[in-house]
Amino acid sequence: MGLESVCGLMLGTRLGFLERCMSDRAATLAAAVKAHFRAQRDSYYGAPLWKFAPTTIYKTFVKSEETIHTIVSELMEEAKSRARASANDDGMQEIFLKILSNPELDMRDKKAAVIDFITAGIETLANSLVFLLYLLSSRPDWQQKIRSELPSCGELRIEDLSSAPSVKAAVNEAFRVLPTVPFLARLLETSMTIEGYTIPEGTFVLAHTVTACRQEENFWRANEYLPERWIDVREPHAASLVAPFGRGKRMCPGKRFVELELHLILAKILQQWRVEFDGEIDVQFDFLLSPKSPVSIRLVEW
Ligand code: HEM
């Protein structure tokens with residue numbers, strides 16, 4: 001789903017990745033993105049031998065990067081031909097065209113930008129939706145509340161959600177408890193001192209926001225999934241620690257698209273079905289937080 005929607009956003013068209021049988025190309029791209037994130041995890045956290053010799057991690061990183069580059073290049077070429085053949089019928093294509101027509105970038109940079117957008121949006125979106133539905137399965141009362149705020153039938157539009165604050169609360173709370181990006185990464189441009197520890201300039205720092213979000217000093221009943229905290233605030237409530245899309249000038253450019261998409265998907269699901277899941281999900285750190293194995297969530301008609 002992440003792949004389909006992000007390609008729709010970037011390339012301005014549906015590519016059929018949600019068909020019952022995923023095409024080989026979609027499966028290869030999704031697998032390469034996963035391998036790429038894992039190789040990043042192992043190169044950040046393991047001994048940095050790859051700096052001295054082409055280790056297995058390094059080779060996996062290069063191979064997955066090449067696969068992603070080849071497939072996204074093909075998709076871009078196809079999208080370009082389509083764009084030439086027909087005037088586009090919606091605004092989505094603008095992003096792709098804007099990047100391609102920027103005279104200040106050479107073709108390699110343009111490709112890299114589109115590739116970055118597509119790879120950054122695939123796993124993140126899919127994991128976030130799975131975590132959201134999983135967490136909500138433990139709160140049938142909140143699902144009922146969301147349903148009661150929605151029109152009972154008809155095609156839902158984003159405007160309908162202005163009178164459904166519990167949708168936003170459910171999503172915010174899922175990002176607090178189980179964000180797919182559990183930290184923010186920065187290379188320090190200047191040295192800084194925090195609580196007596198000096199971190200020199202040039203240090204690569206990972207700020208684990210998820211850890212801060214799970215501390216009782218920062219949130220009331222910090223380890224529980226309680227969407228109500230976003231409607232009736234109970235102290236402590238350090239809302240600024242919830243930064244699933246990062247902060248500042250490197251903040252995720254997909255934020256608004258993703259929020260809109262998650263809010264709408266959740267509302268559309270709960271308009272028709274309640275969400276059930278047995279047991280607990282196993283989460284692993286693939287650089288992103290991801291479900292360890294495929295997750296079967298049940299949608300049961302109300
Ligand atoms: C639930 C889905 C997503 C989450 C949680 C997420 C989260 C993030 C985070 C935390 C960052 C780093 C921000 C920082 O360091 O301050 C980031 C960067 C980025 N994201 Fe997302 N993202 C998501 C989906 C997307 C989508 C759909 C796209 C593309 C349409 C996208 C494109 C990017 C790009 C290009 C960057 C790099 C920005 C830069 O370095 O300047 N992301 N994202």
Side-chain angles (χ1 to χ4, degrees), residues 1-15 17-18 29-30 33-34 36-37 40-41 44 65 68-69 72 75-76 79 91-100 102 105 109-136 167-168 170-189 204-213 240-266 283 285-291:
M1 192 208 74
L3 189 54
E4 180 72 355
S5 65
V6 89
C7 285
L9 177 71
M10 293 305 297
L11 306 177
T13 185
R14 298 285 303 258
L15 291 172
F17 294 135
L18 290 176
L29 180 56
V33 170
K34 203 170 199 55
H36 199 252
F37 274 120
Q40 281 186 63
R41 170 197 64 190
Y44 273 65
E65 180 85 33
I68 294 168
H69 190 275
V72 175
L75 294 173
M76 279 172 72
M92 292 207 301
Q93 201 180 25
E94 275 170 23
I95 299 179
F96 166 66
L97 287 180
K98 246 183 209 155
I99 294 174
L100 287 190
N102 186 333
L105 296 174
D109 290 336
K110 290 174 190 178
K111 257 189 191 165
V114 177
I115 287 171
D116 265 6
F117 267 78
I118 291 181
T119 50
I122 300 176
E123 288 266 306
T124 45
L125 189 56
N127 292 346
S128 300
L129 182 61
V130 170
F131 290 156
L132 171 64
L133 296 179
Y134 159 67
L135 289 164
L136 259 176
V167 171
K168 192 170 173 203
V171 175
N172 275 355
E173 182 66 349
F175 276 132
R176 186 190 71 83
V177 177
L178 206 43
T180 188
V181 186
F183 57 71
L184 298 183
R186 291 292 184 271
L187 197 61
L188 288 193
E189 286 174 358
F204 185 70
V205 178
L206 295 179
H208 284 256
T209 44
V210 68
T211 311
C213 284
S240 62
L241 291 175
V242 184
F245 298 97
R247 284 267 186 274
K249 59 183 173 192
R250 301 311 296 260
M251 187 176 193
C252 176
K255 177 177 187 283
R256 289 197 49 208
F257 171 68
V258 169
E259 284 179 343
L260 196 131
E261 192 169 24
L262 284 177
H263 292 175
L264 206 51
I265 293 177
L266 179 62
V283 175
F285 180 61
D286 277 342
F287 209 57
L288 300 174
L289 290 183
S290 317

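Order of appearance sets the numbers: ligands from 1, and atoms from 1 within every ligand. Start at 1 with the first residue, then count along the sequence.
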For Phe37 and Phe285, I'd like to know if the aromatic rings sit close, meaning centre-to-centre distance below 6.0 Å. no
Taking a cutoff of less than 4.0 Å between a non-hydrogen atom of the residue and any ligand atom, is Gly248 in contact with ligand 1? no
Which atoms of ligand 1 are found less than 4.0 Å from any heavy atom of Val258? 1 (C), 2 (C), 24 (C), 27 (C)
Counting heavy atoms only, which of Ala174, Gly254, Cys252, Ala126 comes nearest to atom 21 (Fe) of ligand 1? Cys252
Contact between ligand 1 and Arg186 is defined here as a heavy atom of the residue under 4.0 Å from a ligand atom; is it met? yes
Could you tell me, atom by atom, which parts of ligand 1 come under 4.0 Å of a heavy atom of Val6? 27 (C), 29 (C), 30 (C)
Proximal ligand 1 atoms for Gly246, defined as those under 4.0 Å from one of its heavy atoms: 10 (C), 13 (C), 14 (C), 16 (O)
I'd like to know if Glu173 and Arg176 make a salt bridge, using a cut-off of under 4.0 Å between side-chain N and carboxylate O. yes
Just go through Asp116, Thr124, Leu262, Leu132 and tell me whose heavy atom is the nearest to atom 2 (C) of ligand 1. Thr124
Please could you name the atoms of ligand 1 that Gly121 approaches to less than 4.0 Å, counting only its heavy atoms? 25 (C), 26 (C), 27 (C), 28 (C)
What do you reckon, does Thr180 have a nitrogen or oxygen under 3.5 Å from a nitrogen or oxygen of ligand 1? no
Under a 4.0 angstrom heavy-atom cut-off, which atoms of ligand 1 come close to Ser128? 1 (C)
Residue-level breakdown please: for Arg250 versus ligand 1, do any non-hydrogen atoms fall below 4.0 Å on the side chain, on the backbone, on both, or on neither? both
